[in-house]
Amino acid sequence: MQKSRPEQDVHEDIKILIQTHFGESGQGIHIEVKGDKVSLWGTVDSLAEKDFIGQRIGRIDGVKELDNSLTVANDGKITDKDIEKQVVERFAQSNFEEIMHLGCRASKGIVTLLGHLETQSSERLAKRIASQVRGVKEVRSEIDFLEKAVDDATLVNRVENALVASPWVNAHEIKTSARNGLITLTGMVNTQEEMEWAVDTAYQVPGVKAVVSEIFSRHRSQGEDLYMTEQLVRKLGQHGMASQLVRAFVQDGIAYMTGEVYSDEDRRWAESMGQHVEGIKSINSSIKVAAHSSK
């Protein structure tokens with residue numbers, strides 16, 4: 001049985017993570033570690049920040065359960081009409097043609113997405129974009145999907161083929177099952193990033209209604225590797241390389257980078273970010289350039 005990490009070590013890793021991404025504004029985020037459970041409370045500026053910090057903390061070695069009770073600050077000047085306008089504008093300005101036409105309505109900071117889409121992955125992207133707008137407390141969806149019903153056996157075959165085709169997933173380590181359009185992925189992979197790519201890949205398959213991940217990763221971040229990972233992720237995010245485009249982590253001083261960007265220039269730029277993080281000794285990159293882009 002694997003020994004749990006000391007609570008103090010986990011707490012220190014979380015403090016470093018919050019400081020790296022939020023600086024002084026992170027002082028309003030409170031942490032409690034009890035065993036392998038982490039509790040967060042306090043205020044952040046957006047729902048995207050709340051989701052982001054929860055997702056990053058979930059990667060830390062020793063964290064098995066997270067109670068994310070962070071609340072989204074609102075000074076009272078942001079109205080629902082302001083939120084609706086900002087969300088629709090962000091959709092229209094996105095590089096993803098499928099979501100440019102989406103609409104929404106807002107009530108007391110709760111945004112409901114409206115329109116038609118082909119896949120669940122596009123809906124997830126739309127939710128992420130909406131969550132970046134200040135004043136949004138929650139994102140719901142009334143999206144209608146255009147895909148035709150697919151039987152479970154066909155769906156399993158499609159997902160397995162998609163996993164095999166992915167350059168960032170070892171499909172042989174993942175088992176796929178389906179029930180009424182719900183995909184369950186099980187197995188053991190090397191990293192959190194590979195686990196996330198597997199889930200994202202499954203969501204991109206037409207006919208998939210939802211994905212449940214029961215995948216575990218062999219490597220989770222702690223200590224110096226965690227610090228360098230978050231420094232690299234912060235630099236990528238500051239320059240527009242959001243986590244749905246490029247994912248990165250550091251293990252034993254080596255930065256591993258995966259994802260898809262719009263041009264060779266973007267790829268070279270992303271890879272160069274690792275050279276600006278102290279402690280990173282080399283870069284192992286499998287970033288691909290998209291064959292077609294609306295950018």
Side-chain angles (χ1 to χ4, degrees), residues 13-29 40 43-60 66 68 70 72-73 86-87 90-91 93-96 99 121 124-134 136 139 168 191-197 199-200 220-221 224-251 254-263 265-280 283-290 293 295:
D13 279 351
I14 295 173
K15 282 178 60 179
I16 290 172
L17 186 152
I18 292 173
Q19 174 64 29
T20 298
H21 291 290
F22 292 91
E24 291 186 2
S25 65
Q27 293 177 0
I29 299 176
L40 299 177
T43 58
V44 290
D45 288 336
S46 69
L47 180 60
E49 289 185 354
K50 173 182 177 178
D51 292 342
F52 175 80
I53 200 67
Q55 185 253 352
R56 299 309 302 178
I57 288 174
R59 296 164 169 264
I60 294 176
L66 176 63
N68 188 346
L70 294 171
V72 179
Q86 287 293 317
V87 171
R90 291 204 179 209
F91 287 160
Q93 295 167 1
S94 73
N95 289 309
F96 301 90
I99 69 171
S121 63
R124 295 176 80 213
L125 175 60
K127 286 182 175 180
R128 283 198 294 265
I129 292 173
S131 74
Q132 297 168 4
V133 173
R134 292 201 64 175
V136 174
V139 181
W168 308 299
T191 67
Q192 295 282 112
E193 286 70 25
E194 188 175 354
M195 181 173 67
E196 291 172 1
W197 281 124
V199 172
D200 286 351
R220 302 186 76 187
S221 295
E224 286 298 314
D225 281 347
L226 170 69
Y227 176 72
M228 289 185 284
T229 293
E230 300 308 324
Q231 288 284 337
L232 180 54
V233 169
R234 180 178 64 85
K235 287 181 179 294
L236 290 167
Q238 286 177 337
H239 292 82
M241 295 292 174
S243 59
Q244 64 264 30
L245 295 176
V246 175
R247 292 194 171 106
F249 73 97
V250 179
Q251 184 175 3
I254 302 172
Y256 296 86
M257 308 178 74
T258 57
E260 187 172 74
V261 295
Y262 299 111
S263 67
E265 182 181 2
D266 286 343
R267 178 182 56 78
R268 288 192 295 270
W269 185 92
E271 291 169 353
S272 73
M273 284 299 96
Q275 300 170 10
H276 300 287
V277 176
E278 185 177 354
I280 292 181
I283 309 292
N284 186 320
S285 172
S286 58
I287 296 174
K288 308 292 183 183
V289 177
S293 171
K295 187 174 179 178

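Put simply, CD on Glu224 and OG1 on Thr229 are 10.5 Å apart, with the number rounded to the nearest 0.5 Å. Atom CG of Leu226 and atom OG1 of Thr20 lie 7.5 Å apart (nearest 0.5 Å). Here the CD atom belonging to Glu260 is positioned 11.5 Å from the OG atom belonging to Ser286, to the nearest 0.5 angstrom. A distance of 14.5 Å separates OH in Tyr256 from CD1 in Ile287, rounded to the nearest 0.5 Å. In this structure, CD1 in Ile280 is found 9.5 Å from CD in Gln275, a value given to the nearest 0.5 Å. Taking CD1 of Ile129 as the start and OG of Ser94 as the end, the distance is 5.0 Å to the nearest 0.5 Å.
Looking at Gln93 and Phe91, their side chains never come closer than 4.5 Å, going by heavy atoms from C-beta outward. Within the 4.5 Å cutoff, the side chain of Phe249 has no heavy atoms near those of the Gln192 side chain. Contact annotation: the side chain of Val289 never approaches that of Tyr262 to less than 4.5 Å [non-hydrogen atoms, C-beta and beyond]. The shortest side-chain heavy-atom distance between Ile18 and Lys15 does not fall under the 4.5 Å cut-off. Looking at Phe22 and Gln27, their side chains never come closer than 4.5 Å, going by heavy atoms from C-beta outward.
Shortest non-hydrogen contact noted between Gln251 and Asp225 is CA-OD2, 3.5 Å. For the residue pair Val277 and Met228, the shortest heavy atom distance occurs at CG1-O, 4.0 Å. Looking at every heavy atom in both residues, Leu236 comes nearest to Ala248 through CD1-CB, 4.0 Å. Nearest heavy-atom pair, Gln86 versus Val133, reported as atom, atom and distance to 0.1 Å: CB-CG1, 3.6 Å. When all heavy atoms of Lys235 and His276 are compared, the pair lying nearest together is CE-O, 3.4 Å. Heavy-atom minimum distance, Val87 versus Ala130: CG1-CB, 4.0 Å.
Looking at Leu66, Leu17, Val44 one by one, the single match for side chain to side chain contact (heavy atoms under 4.5 Å, CB included) with Ile53 turns out to be Leu17.
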Check the pair Lys50, Leu40 against side-chain contact (heavy atoms from CB on, under 4.5 Å), reporting the backbone distance first and the verdict last.
CA-CA 10 Å; Lys50 173 182 177 178; Leu40 299 177; over 6 Å; no

Given the rule in the salt bridge (Lys or Arg N to Asp or Glu O under 4.0 Å) test, do Asp51 and Arg128 qualify, once you have shown the distances and angles that lead to the verdict?
CA-CA 9 Å; Asp51 292 342; Arg128 283 198 294 265; over 6 Å; no

Applying side-chain contact (heavy atoms from CB on, under 4.5 Å) to Arg124 and Val199, what does each step give before you reach the verdict?
CA-CA 12 Å; Arg124 295 176 80 213; Val199 172; 4.3 Å; yes

Verdict with reasoning, Met257 to Asn284, per side-chain contact (heavy atoms from CB on, under 4.5 Å):
CA-CA 6 Å; Met257 308 178 74; Asn284 186 320; over 6 Å; no

Stepwise side-chain contact (heavy atoms from CB on, under 4.5 Å) check, Trp168 with Glu194
CA-CA 6 Å; Trp168 308 299; Glu194 188 175 354; over 6 Å; no

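In this view, Ser263 and Glu265, Asp266 satisfy the side chain to side chain contact (heavy atoms under 4.5 Å, CB included) rule, not counting sequence neighbours. Judged as a side chain to side chain donor-acceptor pair (under 3.5 Å), and not counting sequence neighbours, the contacts of Tyr227 are Gln231. Legend: residues meeting salt bridge (charged side-chain N to carboxylate O under 4.0 Å, His left out) with Arg134, ordered by chain and number and at least two apart, are Asp45. When the side chain to side chain contact (heavy atoms under 4.5 Å, CB included) test is applied to Gln19, no partner is found at least two apart in sequence or on another chain. Every residue two or more places apart in sequence or in another chain that forms a salt bridge (charged side-chain N to carboxylate O under 4.0 Å, His left out) with Glu230 is listed here: Arg56. Remark: Glu196 engages Arg59, Arg247 in a salt bridge (charged side-chain N to carboxylate O under 4.0 Å, His left out) (not counting sequence neighbours).
With 3.5 Å as the limit, one finds no donor-acceptor pair spanning the side chains of Gln132 and Ser46.
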